[in-house]
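Remarks on the structure that follows.
All values below come from the heavy atoms of this structure, side chains included, with hydrogens, waters and symmetry mates left out.
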Amino acid sequence: MINVLNVAEKPSVAKSVATILSRNQQHGMRVRDGRSRYNKIFEFNYVINGQPCHMLMTSVTGHLMELDFEDRFRKWHSCDPADLYHAPVRKYVPEDKIDIKRTLEEEARRCQWLILWLDCDREGENIAFEVMDVCGAANHNLTIWRARFSALIDREIHEAAQNLISPNQCFSDAVDARQEIDLRIGASFTRFQTMLLRDKFVIDSAQDDRNLVLSYGPCQFPTLGFIVERYWEIQSHEPEEFWTINCSHKSDEGIANFSWMRGHLFDYTSAVILYEMCVQEPTATVMKVHQQEKRKYPPHPLSTIELEKRASRYFRMSSELTMKVAEDLYQAGFISYPRTETDGFSSRTDLHTIVREQQEHPVWGSYAQRLLDPGTELWRNPGSGGHDDKAHPPIHPTKFSAGESAWSLDHHRVYELVVRHFLACVSQPAIGAETIVEIDIAGEQFSASGRVILVFLPTTLALDSGVTRPPPLLSEADLLSCMDKAGIGTDATMHDHIKKLLDRFYATKDTNTRFSPTNLGEALVMGYDDMGYELWKPNLRSMMEFDMKQVSMGCKRKAEVLDTCLQQMKACFLDARVNKVKLLEAMAIFFGRSDRYGGNDHHVAAEIVRPCGLCQESNMVLRRSRDGNFMVGCLGFPQCRNAIWLPGPVLEATVSTNICNCCTPGPVYLIQFKFRQLEIPPGFNVNHLGCIGGCDETLRQLIEICGTGSRVQGNKVPSQNCAVARGGSLVIERSCSIYICRSFNSKVTMFGIKKLFPWHRL
DNA sequence: GCAAGGTC
């Protein structure tokens, strides 16, 4: 009989594997403590390919080692951050893992074999090599094996034990490369930008900005990039008006609203002509009635990202909190392992038993009973989303509970979500009936889903206007989707990156779980963007991931990937340092200079122009957009979208102390403008003291002729809507729309409409 | 005082 040391990635796997292997074995299984209180040691006998073994099964808790620079490079001022691209690094066992290391050493000394039961992914393979390092140093004569398994079920575990293989160096190398690149890039840029910016500006988010760290990381920055990119998209959106014909019919049974099948038209003239035709011949003829069955398919089985997205959507829980609560439920045995990419059940999973456990529940118990009754034909074997991490099943309930006294509201919610999602997965699709009615008025087609009528006179027929709207800010679910798609982070770490942005004051989350960048976050991204670097975009990480894949497949060597990647990143770093003025400029847009160090360099952080008339809560301030154009925006953004774009030719703008004597709500401070001579028409003065409150004819004309500085210009009509507060949404248009919107009997002529829109492009 | 990745 030989002694065999077995090591799993976490205590729960050690216990499961030991339980499975020791079943039906003589003397069963014994448990004893190791040096680490969490990592028990299980002992039992087992036969591997005819070789009787005394098995000792223990575990680590994830990575056993960390990578860091050698001591003399660890202090921030110990070296030039550029040196961090070649400073020596070392792997070591951190203090809180020393106990585990001691256990491994002690047990390894009395064993002949070492079997590695780490998770079957790249990180797992790397941890396997860490364990080999420690055990191999304690016992040079160890024979080393790798067990490959993807589920904690009897057959798979026994098969793994009987078919031991060798550890895969390539997989582990890929992780080594990733670790080293992440460390060098992260540390160099973090030290650089922190030391460059922290003391030069008054960064209001920091209580004590001496301790503020402006971190950079290959995952956190692209995540921030997603948030900033959407925010810029919203800021640069210029509403464009469109026209649509709405038709409705009222009967005793209710109102049917028909939508124009053209959708909407941006061209007013065309819309009016079509509208006039409908008004003159308003009888509606029903052309088509189709009834169809609509199926709503159940979701795929639950993966981590999907759990986080749904908890965010349904309960507005942060992904961070969701994972914490899910971990609690997992530890207490109520749900399966919560970190999984798998979204399909293995055919071996006993789904019926899981449903059966839920039959007693007061709310969904009766549904579970109906599912199990073959007569209802409600059961459907669940589909799969096509992802399989080969380590864990989709998240599902593992123990019945009608609620525990120790549970918080969040525990109840997450458990309920997991159970309901599971029950949905094994259900037939929901079936609904939908009737769509298509009608024709004077050749124009409209449709509604609803009742069937054959010919009728519409109760109302109206030409309505609307404006295009920017997309919303990214929600937590959107953000997770972006990260997932771009391969930023792993299912187990995505919520960490999101939380890091909040902790670093780079982004904020509103009550609607939507993210906006803070001034700090926007300034940093703007700085790198102005340098022309895509350091804040996901491409860098994607390229690294691609290289890692090459290493793990043996197509490229670790040293080769490290060399080229670090060389490129160092060049990028040095270039960023040469262009640091871009970062400084971007910061200066949002933050006042600190006078603690610079001395006499006083700046006002933001110049207040007027109170916002839209939200009536915040002030509107003069700002310079990232491409140098001027605008006056509400500080209440994104809740308040009020913004006024100033004429394109503005060279300089400063808020004066003069107050406009007619615009309200006041005070509205006049702005001293300086225009670019070559860009303004003859007759206009280069210097102008102007009012953005609406009274200033010069500004209005300049905007009409030259357009605004807003980034998306297109060839739209320069019209009053630029000078009018945008979020205030064009009151004139609305009143027109209401006027035209009377019932179709009203007399509305082309002439009448023309008169109402003298400024429009008719 | 820096990263991201495991996991407790």
Side-chain angles (χ1 to χ4, degrees), chain A residues 7-14 36-40 59-69 73-79 81 83-85 87 89 91 93-94 96-97 99-100 118-131 171-172 174-196 198 206 208-223 323-324 326-328 330-332 337-339 389 391-392 483 487-500 503-504 535 540-541 544-545 548 569 573:
Chain A
V7 183
E9 189 158 323
K10 40 192 166 278
S12 63
V13 171
S36 154
R37 50 188 287 234
Y38 301 109
N39 307 80
K40 309 280 181 203
S59 55
V60 287
T61 44
H63 277 287
L64 185 58
M65 297 181 170
E66 277 179 21
L67 186 73
D68 209 339
F69 298 106
F73 293 94
R74 278 163 98 144
K75 283 250 183 289
W76 278 38
H77 292 279
S78 65
C79 67
D83 295 344
L84 298 178
Y85 285 90
V89 288
K91 265 196 171 184
V93 178
D96 60 335
K97 299 285 172 74
D99 286 343
I100 298 176
L118 285 306
D119 292 358
C120 281
D121 52 27
R122 279 185 345 212
E123 296 296 333
E125 209 64 23
N126 189 264
I127 300 170
F129 278 78
E130 294 173 354
V131 172
F171 268 45
S172 173
V175 172
D176 280 343
R178 178 198 57 72
Q179 288 179 342
E180 196 173 326
I181 293 169
D182 284 346
L183 174 66
R184 292 187 189 279
I185 296 177
S188 59
F189 273 94
T190 299
R191 289 185 193 181
F192 158 66
Q193 65 185 25
T194 303
M195 293 191 289
L196 174 69
R198 185 179 58 195
D208 172 11
D209 61 356
R210 300 257 35 203
N211 290 325
L212 185 72
V213 172
L214 306 184
S215 63
Y216 175 90
C219 284
Q220 51 177 277
F221 244 59
T223 306
M323 290 313 288
K324 201 171 164 293
E327 180 67 29
D328 284 350
Y330 163 68
Q331 296 280 346
Y337 189 71
R339 282 176 288 279
D389 64 13
H392 306 287
M483 297 170 74
I488 303 295
T490 67
D491 54 315
T493 60
M494 282 171 167
H495 66 267
D496 285 334
H497 302 309
I498 296 176
K499 183 166 183 290
K500 181 150 278 175
D503 291 346
R504 295 281 189 221
L535 285 168
L540 176 67
R541 190 70 186 176
M544 279 169 57
E545 273 299 321
M548 296 312 111
M569 282 311 296
F573 176 81

Partner set under salt bridge (charged side-chain N to carboxylate O under 4.0 Å, His left out) for A:D176, not counting sequence neighbours: A:K91, A:K558
Spacing of A:K75 atom NZ relative to B:dC2 atom P, expressed in whole Å: 13 Å
Footprint string (nucleotides 3-8 of chain B, 5' to 3'): B base within contact, S backbone only, - free, heavy atoms under 4.0 Å: BBBBSB
Spacing of A:Q193 atom CD relative to B:dC2 atom P, expressed in whole Å: 13 Å
Contacts of A:K97 that satisfy salt bridge (charged side-chain N to carboxylate O under 4.0 Å, His left out) - sequence neighbours left out: none
Partners passing salt bridge (charged side-chain N to carboxylate O under 4.0 Å, His left out) against A:D121 (at least two apart in sequence or in another chain): none
All salt bridge (charged side-chain N to carboxylate O under 4.0 Å, His left out) counterparts of A:K500, not counting sequence neighbours: none
A:D83: partners by side chain to side chain donor-acceptor pair (under 3.5 Å), with sequence neighbours left out: none
